[in-house]
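Single-structure report; data block below.
Numbering of ligands and ligand atoms starts at 1, following listing order. The basis for the numbers below is simple: all heavy atoms, side chains too, and nothing from hydrogens, waters or symmetry mates.
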Amino acid sequence: MTLLLPFAIALLSKSEPVRPTQLKPLNERQMSWWRDAKFGMFIHWGVYAIPGKGEWYMNSAHVPVDEYRKLGDQFEPKFCDPNRWIQIAKSAGMKYTVLTARHHDGYALWNSPSSIDRFTSTAMAAKRDFIRDYVIACRKNRMPVGLYYSLMDWRIPGYYKPHELPESAQALKDQCYGQVRELTRNYGPIDILWYDGGWLNMHGTDADAAWLWEPDKLNSLVRKANPRTVINPRSGWGGDFDCEEGGSEVTGRIRTRPWEKCLNLNQTTWGYNPIQNLMSTNEVLTMLINTAVRDGNMLLNVGPDPDGVIPPTHAARLREVGQWLKKYGESIYGTRGGPLQPVDHQYGTTYHGKSIYVHCFGARDGVTIGLPHIDARILKSTLLTGGKAEVEQSAFAITIRLSRLTQTTPDTIVRFDCDREIGR
Ligand code: GLC
């Protein structure tokens, strides 16, 4: 019996019945912790840190699969301590983290029996399960656990020619299902699953490739392991939130679905790159504010070096971001975007309970800002960033007159304490 049991369990998990459903996104209540968190750390790390030319190195430098594999023999990080990553995230005021468990190059940072040719950190030189260590560090520090996973894998010919090489494409799909199963079952409940690379043969949309991945089926497996995992939209299924990628400015109206801006602190590449082109502290904060007033989250990336160390320049910049959030975080964390629609480059609002936070950009002494009507009476106004704000509220509008400003970058924040709970 004892001998038969593991076999029976293996069989069961292989043939686990999955009923493809029209998967529903998580509801408002289930998403609330993620939406309250507002700010997370993205971590791109893998064997591509060795050449230091970014996570697309294998593809952009046309490195043959066998040649690229040798990086797995060299990848032996000396100082990798995920606790340290989490400490840096905390010092930045980040409230969740997402680590690249496996990027497009196929190298898995964990003990992955499903990995084709065992291109994994446990089977190769590192001899370490980094996902295990990362998950332990997150839990120890009460940091929600996020994992990034690329469905596609540049090593597999069926990825490039799924119709001509159906067996290889099937192997790729089996690897994907096996690995998602491993990641979502072997490390306890995963809070965020962040897919990437759902497209095929380097083009098309994720939705175009859904015929291969069957994302409904894949994500039913994820939901089965943990019904509360927050899932991004890049597997070809709409997911629980929308993604906006890259460093372009956030503008326009408040978005109607939960969404996340993901971008890179070092704008050169996501994966480690000694060529540094870091966003300034004010740029990071302006992006975060512009995202929050439009009801979004921001996931800011760092790329640890081959030893697993987040470059000190990144850590220093993140600490500065954290210092601002320590002072003014009440206008970001736990808020929702609104009640007023933002006006690009002028102002935007967030709210929480009976408070409204007006984030003003480019404010100057003596300037008057006109806001539209709100459905609440302002009982008290405070200029959080220092100075004087005279506020007048009429039946139709609000005016704020600013003077003696002590701080105008990244913004000037006025808090209204109102007579009732604010809603949009
Ligand atoms: C893109 C890139 C990838 C990066 C990701 C982050 O999909 O392929 O390198 O990991 O964006 O959003």
_Heavy-atom check, side chain of F416 versus side chain of T349, under 4.5 Å_ = no

_Per-atom contacts of ligand 1 with H103, taking only distances under 4.0 Å to non-hydrogen atoms_ = 3 (C), 4 (C), 9 (O), 10 (O)

_Option passing side-chain hydrogen bond (donor to acceptor under 3.5 Å, both in side chains) with S114 (candidates E182, Q179, Q175)_ = E182

_C262: numbered ligand 1 atoms lying under 4.0 Å from its heavy atoms_ = 12 (O)

*Verify whether one side chain among Y195 and N219 offers a donor that lies under 3.5 Å from an acceptor in the other.*
yes

*Might you work through the side-chain contact (heavy atoms from CB on, under 4.5 Å) test for W194 and E260, ending with a clear yes or no?*
CA-CA 11 Å; W194 214 102; E260 181 181 66; 2.8 Å; yes

*Backbone, side chain, both or neither: what part of E244 comes under 4.0 angstrom of ligand 1, heavy atoms only?*
neither

*Answer yes when D133 and R128 have at least one side-chain N-carboxylate O distance shorter than 4.0 Å, and no when they do not.*
yes

*Heavy atom of the protein closest to atom 9 (O) of ligand 1 (residue, atom name, distance)*: E55 OE2, 2.5 Å

_Under 3.5 Å: donor-acceptor pair, side chain of N111, backbone of D129_ = no

*Would you say Y134's side chain and G146's backbone share a donor-acceptor pair under 3.5 angstrom?*
yes

_Under a 3.5 Å distance rule, please check whether T268 uses its side chain to pair with a backbone N or O of I275 as donor and acceptor._
yes

*Does the N or O separation between W199 and ligand 1 drop below 3.5 Å for any pair?*
no

*Return a yes/no value for W194: is any of its N or O atoms, backbone included, closer than 3.5 angstrom to an N or O of ligand 1?*
no

*In ligand 1, which numbered atoms sit nearer than 4.0 Å to a non-hydrogen atom of D196?*
1 (C), 2 (C), 3 (C), 4 (C), 5 (C), 7 (O), 8 (O), 10 (O), 11 (O)

*Considering only the protein, which heavy-atom contact is closest to atom 11 (O) of ligand 1, and what is its distance?*
E245 OE1, 2.8 Å

*Of all the atoms in ligand 1, which lie at a distance below 4.0 Å from a heavy atom belonging to W56?*
2 (C), 3 (C), 8 (O), 9 (O)

*asked:* How far is atom 10 (O) of ligand 1 from the closest protein heavy atom, and which atom is that?
replied: H44 NE2, 2.5 Å

*Does W270, backbone or side chain, put an N or O under 3.5 Å from an N or O of ligand 1?*
no

